[in-house]
**Student:** 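Before I ask anything, here is the structure I am working with.
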Amino acid sequence: MFDREALSLPAVEVAPLLLGSLLSVDSPEGRVVLRISEVEAYHGAQDPGSHAFRGRTARNAVMFGEAGHLYTYFTYGMHTCANVVCATEGTASGCLLRAGEIVEGVEVARSRRASSRVDADLARGPGRLCVALGITLADGGADLASSRVRLELARQPSPYETSARTGVSGAGGTDDFPWRFLIPGDPTVSPYKRHVPKRRNTSLG
DNA sequence: TGGGCGATTGTCT
DNA sequence: GACAATCGCCCAA
């Protein structure tokens with residue numbers, strides 16, 4: 001079921017509800033359904049890891065809007081990442097979808113993710129997840145209750161673990177924000193990687 | 001108006 | 001284990 005009221009809680013409280021939930025995406029190639037196994041919470045202007053840390057901009061406006069919508073963004077010049085918008089309007093809160101298991105439409109996902117040797121890698125990582133599901137920037141702002149991207153919350157909460165967020169630079173990636181939620185032992189959970197400072201001009205020195 | 005950098009991934013060693 | 005690829009956003013001036 002889709003429950004906008006449940007999604008209107010802060011991202012930290014919504015994240016556990018998303019684990020084990022189903023995200024389905026319809027396209028001409030067919031439907032792909034993902035069972036979510038890993039998410040990260042980003043909440044409020046006080047969260048140094050959030051895109052909304054420096055306030056509202058045209059790019060992150062969707063995160064300030066109504067819960068239950070999709071916030072997509074483009075990063076590293078090539079990757080799309082998807083978030084479920086949480087909390088009430090005016091509060092920037094969202095859960096980044098990091099990984100999951102394809103439970104329907106595996107053939108379609110495989111055709112989009114030709115480089116994946118095993119099915120567990122099809123949606124292991126936020127960029128891969130979007131490719132496998134066919135989510136693009138054009139899906140940003142979509143209502144997860146009525147668009148081609150739909151969210152079905154798990155009937156029963158999954159057991160979960162928390163840890164520091166992956167790949168987040170600065171204070172937001174420390175243990176002060178253990179806002180990464182995952183289903184322990186799930187083969188589709190992405191490997192933990194602490195943020196690596198950007199290496200540029202490495203020839204110096 | 002210009003420059004630096006990012007909620008990453010695939011490939012090569 | 002290490003690095004290149006690649007482009008839009010955001011800050012500073």
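Below, chains carry the letters A, B, ... as their sequence lines are ordered, and counting in each starts from 1.
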**Student:** I want to verify a distance call: between dA7(B), dC10(C), dG8(C), whose nearest atom is closest to the Phe74(A) side chain?
**Tutor:**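 It is dG8(C).
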
**Student:** Think Arg59(A) has a side-chain N or O under 4.0 angstrom from the OP1 or OP2 of dG8(C)?
**Tutor:**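 Result: no.
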
**Student:** Can you find a side chain N or O atom of Arg98(A) that sits less than 4.0 Å from OP1 or OP2 on dT8(B)?
**Tutor:**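 Indeed, a polar side-chain atom of Arg98(A) lies that close.
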
**Student:** CG of Asn60(A) versus P of dC11(C): gap in Å, rounded?
**Tutor:**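 Distance check: Asn60(A) CG to dC11(C) P gives 10 Å.
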
**Student:** May I ask you to say what Gly49(A) touches in the nucleic acid, namely base, sugar-phosphate or nothing, with a heavy-atom cut-off under 4.0 Å?
**Tutor:**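 Base contact.
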
**Student:** Could you work out which one of dT9(B), dT8(B), dA7(B) sits closest to the side chain of Arg128(A)?
**Tutor:**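 It is dT9(B).
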
**Student:** Contact between Glu152(A) and Ser24(A) at the side-chain level, heavy atoms closer than 4.5 Å - yes or no?
**Tutor:**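 Side-chain contact under 4.5 Å: no.
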
**Student:** Can you check the His79(A) NE2 to dA4(C) P distance for me, whole Å?
**Tutor:**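 Going from NE2 in His79(A) over to P in dA4(C) covers 15 Å.
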
**Student:** Check whether any side-chain N or O of Thr57(A) sits under 4.0 Å from OP1 or OP2 of dC10(C), and answer yes or no.
**Tutor:**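 It does, given that an N or O in the side chain of Thr57(A) lies less than 4.0 Å from OP1 or OP2 of dC10(C).
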
**Student:** Whole angstrom is fine here: how far is it from CZ in Phe53(A) over to C1' in dC10(C)?
**Tutor:**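 For the pair Phe53(A) CZ and dC10(C) C1', the rounded distance is 14 Å.
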
**Student:** Scan Arg165(A) against the nucleic acid and name what it touches under 4.0 Å (heavy atoms): base, sugar-phosphate only, or nothing.
**Tutor:**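 No contact.
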
**Student:** Taking atom P of dG10(B) as reference, at what distance in whole Å does atom CZ of Arg124(A) sit?
**Tutor:**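 So the two atoms are 12 Å apart, to the nearest Å.
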
**Student:** Compare the minimum distances between each of dA7(B), dG6(B), dC11(C) and the side chain of Arg54(A), then state the nucleotide with the smallest one.
**Tutor:**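 My answer, after comparing the listed nucleotides, is dC11(C).
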
**Student:** Which part of the nucleic acid does Arg117(A) contact within heavy-atom distance under 4.0 Å: base, sugar-phosphate only, or nothing?
**Tutor:**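 Contact class for Arg117(A): none.
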
**Student:** Would Glu40(A) and Arg165(A) count as a salt bridge (charged side-chain N to carboxylate O under 4.0 Å, His left out) here? Give the steps.
**Tutor:** CA-CA 7 Å; Glu40(A) 279 178 8; Arg165(A) 290 179 296 197; 5.2 Å; no

**Student:** Measure from the side-chain heavy atoms of Pro126(A) and tell me the nearest of dG10(B), dG6(B), dT9(B).
**Tutor:**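 So the side chain of Pro126(A) is nearest to dT9(B).
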
**Student:** Which base, if any, makes a Watson-Crick or G-U wobble pair with dA4(C), both distances under 3.5 Å?
**Tutor:**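 dA4(C) is paired with dT9(B).
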
**Student:** Would you indicate, yes or no, if dG10(B) has its OP1 or OP2 atom less than 4.0 angstrom from a side-chain nitrogen or oxygen of Arg113(A)?
**Tutor:**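 So the side chain of Arg113(A) is within the cut-off, an N or O lying under 4.0 Å from OP1 or OP2 of dG10(B).
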
**Student:** Mind calculating the distance between CE (Met78(A)) and C1' (dG6(B)) to the nearest angstrom?
**Tutor:**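 Met78(A) atom CE is separated from dG6(B) atom C1' by 11 Å.
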
**Student:** Give a yes/no on whether any side-chain N or O of His51(A) is located under 4.0 angstrom from OP1 or OP2 of dA7(B).
**Tutor:**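 Checking His51(A) against dA7(B): at least one side-chain N or O falls below 4.0 Å of OP1 or OP2.
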
**Student:** Just say parallel, tilted or perpendicular for the rings of Phe181(A) and Tyr160(A), cut-offs at 30° and 60°.
**Tutor:**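 It falls in the tilted class, 30° to 60°.
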
**Student:** Quick one: Phe177(A) CZ to dA7(B) C1', roughly how many Å, whole number?
**Tutor:**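 Whole-Å distance recorded here is 14 Å.
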
**Student:** Would you mind telling me which of dG10(B), dA7(B), dC7(C) lies closest to the side-chain atoms of Leu96(A)?
**Tutor:**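 The closest nucleotide is dA7(B).
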
**Student:** dC5(B), OP1 or OP2 - any side-chain N/O from Ser169(A) closer than 4.0 Å?
**Tutor:**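 It does not, given that no N or O in the side chain of Ser169(A) lies less than 4.0 Å from OP1 or OP2 of dC5(B).
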
**Student:** Between Ile102(A) and Val108(A), is any pair of side-chain heavy atoms under 4.5 Å apart?
**Tutor:**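 Ile102(A) vs Val108(A): side chains apart.
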
**Student:** Rounded to the Å, how far apart are Arg194(A) CZ and dG6(B) C1'?
**Tutor:**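 The answer, rounded to whole Å, is 18 Å.
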
**Student:** Compare side-chain N and O positions of Ser115(A) against OP1 and OP2 of dG10(B) and report whether any pair is under 4.0 Å apart.
**Tutor:**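 Looking at the OP1 and OP2 atoms of dG10(B), one of them is under 4.0 Å from a side-chain N or O of Ser115(A).
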
**Student:** Report yes if the side chains of Arg110(A) and Asp119(A) come closer than 4.5 Å at any heavy-atom pair, otherwise no.
**Tutor:**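 Yes, their side chains come closer than 4.5 Å.
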
**Student:** Counting only side-chain heavy atoms from C-beta out, which of dA7(B), dT9(B), dC11(C) sits nearest to Lys193(A)?
**Tutor:**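 Closest nucleotide to the Lys193(A) side chain: dT9(B).
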
**Student:** How close or far is atom C1' of dA7(B) from atom CZ of Phe181(A), stated in whole angstroms?
**Tutor:**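 Computing the Phe181(A):CZ to dA7(B):C1' distance gives 15 Å.
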
**Student:** Glu38(A) side chain to Ser190(A) main-chain N or O, any donor-acceptor pair under 3.5 Å?
**Tutor:**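 Side chain of Glu38(A) to backbone of Ser190(A): a pair is present.
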
**Student:** Can you say whether a donor on the side chain of Tyr73(A) sits under 3.5 Å from an acceptor on the base of dA7(B), or the other way round?
**Tutor:**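 Such a pair is found, so the answer is yes.
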
